[in-house]
Peer 1: 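A single structure is presented below for examination.
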Amino acid sequence: MRQGQHLDFDGARIRVEQSLEETKSGLRFKPPKTKYGRRTIALASSVVAELRLHWKQQQQEQRLRLGTGKIPDDGLVLPRWDGSPRSPNSVTKEWIRAVRELKLPSISLHALRHTHASQLMASGMDVLTISRRLGHGSPTITLGVYGHLFSNTDERAAQIIEAAFGKTLTEREQS
């Protein structure tokens, strides 16, 4: 993800337009697997604050100390010291190390995607929004993968119908 092109600090958004692939000949950027993978995702303000802090303290100050100058507008958000992309494998290893050091439950980076989806579902967010956020081509895909996580909302449906009918009955009584 490139700062100027894909990360909008002020708008609290990330545009997903590419992924990084490790091949025999090295690292290369490529488009997402499907057209639905290209998307814009809103960020929580706490995430924006952490990214800003990282950009200022880790990237800008480090580059100044190394004498490599200011980060270019299309610079990566989480690059290596020289501004080049980190390999997916190295990011995974750093994640595992950080989780161990912080004594957190062992969870893979990819599992965070599932946790994200699960939390949105548990909060009652609609499946269409979740599907778009995950870059799925259809809510059917999202339901196929995560459908078991939706709580039984049959009782909630009954409450909604009761409220609608109750309102109708009250309106009739008033006439």
Peer 1: Check for a donor-acceptor pair, side chain of S131 on one end and backbone N or O of S138 on the other, with a separation under 3.5 Å.
Peer 2: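 Answer holds: yes.
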Peer 1: Does the pair R132/D126 count as a salt bridge with the N-to-O cut at 4.0 Å?
Peer 2: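 No.
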Peer 1: What is the minimum heavy-atom distance between L20 and P85, and which atoms define it?
Peer 2: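 Closest approach of L20 to P85: CD2-CB, 3.8 Å.
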Peer 1: If you apply the rule side-chain contact (heavy atoms from CB on, under 4.5 Å), what do you find for H116 with L134, and how did you get there?
Peer 2: CA-CA 9 Å; H116 175 77; L134 294 173; 4.3 Å; yes
Peer 1: For V47 and L43, work out which heavy atoms get closest and say how close.
Peer 2: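 Closest approach of V47 to L43: CG1-CD2, 4.2 Å.
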Peer 1: What is the distance from atom CG of L78 to atom CG of L51, rounded to the nearest 0.5 Å?
Peer 2: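 Rounded to the nearest 0.5 Å, the CG-CG separation comes out at 7.0 Å.
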Peer 1: Does any non-hydrogen side-chain atom of T129 lie less than 4.5 Å from one of L120?
Peer 2: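 They are not in side-chain contact.
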Peer 1: Please find the pair of heavy atoms, one from R133 and one from R39, that lie closest to each other, and give the distance.
Peer 2: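 The pair with the smallest heavy-atom distance is O-NE, 2.8 Å.
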Peer 1: Go through it in stages, so that I can follow the logic: the residues are S87 and L27, the test is side-chain contact (heavy atoms from CB on, under 4.5 Å), and I'd like the CA-CA distance, side-chain angles, deciding distance and then a yes or no.
Peer 2: CA-CA 7 Å; S87 75; L27 298 175; 4.1 Å; yes
Peer 1: If I take atom CG from residue L143 and atom NE2 from residue H148, how far apart are they, to the nearest 0.5 angstrom?
Peer 2: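 The CG atom of L143 sits 11.5 Å away from the NE2 atom of H148.
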Peer 1: Can you give me the closest heavy-atom contact between P88 and E22, atom names plus distance?
Peer 2: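 The pair with the smallest heavy-atom distance is CD-OE1, 3.7 Å.
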Peer 1: How long is the span from the CG atom in L128 to the NE2 atom in H136, to the nearest 0.5 Å?
Peer 2: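 The distance works out to 12.5 Å.
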Peer 1: S118 side chain to H114 main-chain N or O, any donor-acceptor pair under 3.5 Å?
Peer 2: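 Checked: pair present.
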Peer 1: Same cluster or not: are F9 and I41 linked, directly or through other Ile, Leu, Val, Met, Phe, Trp or Tyr residues, by side-chain heavy atoms under 4.5 angstrom apart?
Peer 2: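 Cluster IDs for F9 and I41 match.
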Peer 1: Could you pull out the closest heavy-atom pair between S19 and P31, with the gap in Å?
Peer 2: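 Where S19 meets P31 most closely, the heavy atoms are OG-O, 4.0 Å.
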Peer 1: Can you confirm whether M121 sits close enough to T142 that some side-chain heavy atom of one is under 4.5 Å from a side-chain heavy atom of the other?
Peer 2: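 M121 vs T142: side chains touch.
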Peer 1: Does L76 form a side-chain contact (heavy atoms from CB on, under 4.5 Å) with R86? I'd like the steps, not just the answer.
Peer 2: CA-CA 10 Å; L76 297 170; R86 296 175 188 223; over 6 Å; no
Peer 1: Run I107 and W95 through side-chain contact (heavy atoms from CB on, under 4.5 Å) and show every step you take.
Peer 2: CA-CA 9 Å; I107 183 171; W95 171 258; 4.2 Å; yes
Peer 1: Looking at CZ of R113 and OG of S108, how far apart are the two atoms once the value is rounded to the nearest 0.5 Å?
Peer 2: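 One gets 12.0 Å once the value is rounded to the nearest 0.5 Å.
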